[in-house]
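Each remark here refers to the structure printed beneath this line.
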2 protein chains.
Amino acid sequence: MKPTHSATIKDVAKKAKVSIATVSRVLNNLTGYSDKTRQKVMEAIKETNYQPNAIARGLINKRTQTIGVLLPKVSVQFSSDILQGIGEYAQSHDYSVIVCNTDADGSRTLKYLQVLREKQVDGIIYTSEVLKPEYYEVIQAMKIPVVLVASESPYASVPYVKVNDWQASYDAVTYLIGKGHRRIAMISGTEKDPIAGRPRVQGYLKALADHGIPFDSKYLVHGNFLFDGGYRGMEEILQKAPEVTAVFAASDETALGVLSAAAKHGVKVPQDLSLVGYDNVKLAQMSVPALTTVQQPLFAMGQVAAAKLISMIMTGVVAENQLVPHSIVERETVGTIGND
Amino acid sequence: MKPTHSATIKDVAKKAKVSIATVSRVLNNLTGYSDKTRQKVMEAIKETNYQPNAIARGLINKRTQTIGVLLPKVSVQFSSDILQGIGEYAQSHDYSVIVCNTDADGSRTLKYLQVLREKQVDGIIYTSEVLKPEYYEVIQAMKIPVVLVASESPYASVPYVKVNDWQASYDAVTYLIGKGHRRIAMISGTEKDPIAGRPRVQGYLKALADHGIPFDSKYLVHGNFLFDGGYRGMEEILQKAPEVTAVFAASDETALGVLSAAAKHGVKVPQDLSLVGYDNVKLAQMSVPALTTVQQPLFAMGQVAAAKLISMIMTGVVAENQLVPHSIVERETVGTIGND
DNA sequence: CTGAAAGCGCTTACAG
DNA sequence: CTGAAAGCGCTTACAG
């Protein structure tokens with residue numbers, strides 16, 4: 001007679017003729033049972049096709065072995081590379097991940113946080129966005145660790161892992177200058193974004209200044225990290241400042257928008273215009289010409305964030321912030337210019 | 001004196017001077033308490049900052065309000081569009097989603113299934129891959145519903161939602177024929193893939209046959225749904241069959257590979273060569289020229305799958321299979337050819 | 001080495 | 001309308 005319900009520890013105990021305490025012990029590889037008992041229990045587990053119930057376990061252990069990941073939809077490829085890294089690390093350390101698409105909508109974030117709390121996740125990874133005080137507060141109340149990826153925060157208890165955006169941007173522009181460019185425009189991300197918006201603009205400005213190139217405000221146009229921002233930005237530049245020889249785009253998607261607009265207006269890349277992107281997302285290799293870009297190690301960032309979080313869960317000690325290395329991957333969109 | 005632990009139903013009961021049963025009742029909007037009691041309880045909830053514990057609730061209800069989603073990494077954009085749809089629907093119906101990246105690795109799938117079982121998910125969505133008998137078996141044992149997206153199965157208890165791949169492919173090729181092309185090559189997906197591989201090839205073959213175009217085996221090359229498959233496939237075609245005037249690629253990524261290879265060899269799209277992709281992923285709008293492609297409503301497919309799954313969870317009755325409509329979105333990669 | 005019992009935070013008959 | 005009690009499937013002192 002097959003049981004209609006899935007086997008529980010009780011069924012195993014009965015079949016093995018031991019107490020549930022003993023079953024629990026062998027299940028958890030504790031000590032305190034003879035080898036013979038172990039045999040009996042193992043056999044009963046096989047026979048009953050027993051599977052532990054993580055919910056019951058979680059209730060008593062106050063550990064669910066699951067973490068929550070909050071990420072905005074923005075620039076999907078970007079997010080999913082990070083998510084991939086998180087998932088990889090988590091899974092190999094016996095954690096599951098609940099994903100929450102905040103979709104750049106604040107009220108949703110709060111709701112998700114609520115759910116994660118009720119579901120008793122052991123920790124949270126927060127991606128690509130500023131950790132607003134209101135979010136920080138509720139997370140505090142949850143008494144679980146959080147780590148930020150591709151974002152940063154002023155909270156000592158919330159470590160982050162990210163690239164040095166300012167520096168990366170500085171390097172990209174310096175790279176362009178090294179190729180002989182002086183009339184370099186930038187299409188930024190969202191203007192007010194304090195993480196990936198402003199710092200990258202600052203890096204651009206500083207690189208110009210350090211190389212004695214006066215800043216021309218026509219050369220800076222604000223985008224939104226997306227394709228259309230790049231497209232429109234490029235058209236604006238073409239109109240207001242056609243003398244520009246290079247464009248630095250704040251994301252690869254933006255750069256692809258530039259590429260499209262350039263093609264539409266008969267501007268040849270890299271012959272007439274050089275272009276550098278940012279992210280080195282899979283896209284960057286697939287365009288024609290292939291995109292020279294600033295690489296962020298997205299997958300690794302996800303892994304590192306997961307590692308930090310899990311370490312915080314286990315030890316209770318706050319992890320260090322971590323700046324991960326960026327680099328410029330050279331492909332086909334940058335040309336050299338002779339001195340003029 | 002602040003409690004060191006988060007408030008439980010017990011704390012609320014004490015503060016409101018009622019039993020935990022009563023608290024539970026108002027929490028769940030049941031009947032059986034005076035308005036006055038309700039007031040007291042609500043107040044106590046506020047004061048204690050009580051949050052329900054979904055784990056405890058799940059243990060007794062045998063419902064966790066979470067579903068598991070299995071998806072391979074292949075063609076990330078594709079997967080994340082579907083995931084987005086699932087997430088959207090799930091969240092608005094009070095379900096959380098645990099994502100499992102199977103990464104085209106079988107043993108991993110089994111392990112994930114195990115985890116999902118232990119975590120007592122209420123249902124599973126399985127994406128883009130064949131549901132192998134061994135997987136089906138363990139899912140059966142879990143006694144929870146499954147639905148397939150962008151895949152199909154012979155199991156009556158496992159509904160799927162997908163596009164009619166055969167038909168979509170047939171339509172794409174017919175479209176090319178309608179534009180005057182007769183020497184049409186195809187770069188397929190993974191050759192043996194029974195879902196997105198073979199049926200699309202069959203559709204190609206049938207469209208050719210129906211229009212009296214003899215099939216030339218040089219015109220069919222197998223790729224892998226990825227960029228490099230398209231790139232290499234295009235080079236192969238250029239070499240073996242340079243007379244080809246159109247290529248049908250089994251995925252947008254593949255099509256971008258074709259675009260790159262074409263550019264590399266000086267073949268102009270659409271002037272020298274027409275190209276149709278498959279998926280209509282965000283990528284397709286970002287290439288130069290923008291890709292004409294077969295659109296799969298990925299986001300909607302995710303939503304529909306989630307809807308079916310949740311309905312199955314609630315009602316216990318198996319949902320119907322669903323073929324969702326595809327269409328051809330015309331952009332810039334197809335040119336017309338005069339009769340010859 | 002082993003088991004009886006308490007308890008994790010809830011829900012739900014059952015009585016009153 | 002309200003509460004005491006049993007129970008969901010586990011783990012973990014505590015005794016022996």
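Computed from heavy atoms alone, side chains included, the values below leave out hydrogens, waters and symmetry copies. Numbered from 1 within each chain, the chains take letters A, B, ... in sequence-line order.
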Please state how far atom CG in A/Leu27 lies from atom P in D/dC10, giving the value in whole angstrom units. 8 Å
Between A/Ser96 and B/Lys119, is the side chain to side chain donor-acceptor pair (under 3.5 Å) condition met? List the steps. CA-CA 9 Å; A/Ser96 300; B/Lys119 297 236 162 115; 2.7 Å; yes
Backbone N or O of A/Pro72 within a donor-acceptor pair of the A/Ser79 side chain at under 3.5 Å? yes
Quick one: sort the A/Tyr155 and A/Tyr136 rings into parallel, tilted or perpendicular, breaks at 30° and 60°. parallel
Nearest-angstrom distance from the residue atom CD1 of B/Ile45 to C1' of C/dC10: 13 Å
Minimum-distance nucleotide to B/Ala56 side chain [options: C/dG3, C/dC10, D/dC10]: C/dC10
Whole angstrom value for the distance that separates P of D/dC10 from CG of A/Leu59: 12 Å
Compare side-chain N and O positions of B/Thr8 against OP1 and OP2 of C/dG9 and report whether any pair is under 4.0 Å apart. no
Whole-Å distance, B/Asn53 CG to C/dG7 P, equals 18 Å
Return the value, rounded to whole Å, for the distance between atom CZ of B/Arg63 and atom P of D/dC8. 18 Å
For residues A/Val158 and A/Ile139, determine if any side-chain heavy atom of one lies less than 4.5 Å from a side-chain heavy atom of the other. no
Might you list the N or O atoms of the protein lying below 3.5 Å from N or O atoms in nucleotides 12-16 of chain D, with each pair's distance?
unit_1: D/dA13; atom_1: N6; unit_2: A/Arg25; atom_2: NH2; d: 3.3

Can you measure B/Lys14 atom NZ to C/dG9 atom P for me and round it to whole angstrom units? 12 Å
Would you mind classifying the nucleic acid contact of B/Thr31 as base, sugar-phosphate or nothing, using non-hydrogen atoms under 4.0 angstrom? nothing
Can you name the one residue among A/Leu148, A/Val130, A/Val146 that meets side-chain contact (heavy atoms from CB on, under 4.5 Å) with A/Ser153? A/Leu148
May I ask you to decide if A/Val12's main-chain N or O and A/Thr48's side chain share a donor-acceptor pair within less than 3.5 Å? no
Is any side-chain N or O of A/Arg57 closer than 4.0 Å to OP1 or OP2 of D/dG9? no
Write down the distance between CD1 (B/Ile9) and P (D/dA4), rounded to a whole number of angstrom. 14 Å
Using the side-chain heavy atoms of B/Val18, tell me which of these nucleotides is nearest: C/dG3, D/dG3, D/dG9. D/dG3
For DNA chain C, what string of dots and brackets results from 5' to 3' when Watson-Crick and G-U pairs need both distances under 3.5 Å, crossing pairs get [ ], and pairs with another strand get |? |||.||||||||.|||
Is it the case that the side chain of B/Asp122 and the backbone of B/Ile67 share a donor-acceptor pair, with hydrogens and angles ignored and the cut-off at 3.5 Å? no
Using modelled atom types only, decide if a donor and an acceptor are shared between the side chain of B/Ser128 and the backbone of B/Ala150 within a distance under 3.5 Å. no
Within less than 4.0 Å of OP1 or OP2 of C/dG9, is there a side-chain N or O belonging to A/Lys62? yes
Could you check whether A/Gln51 gets within reach of a base, just the sugar-phosphate, or nothing at all, counting any heavy atom under 4.0 Å? sugar-phosphate
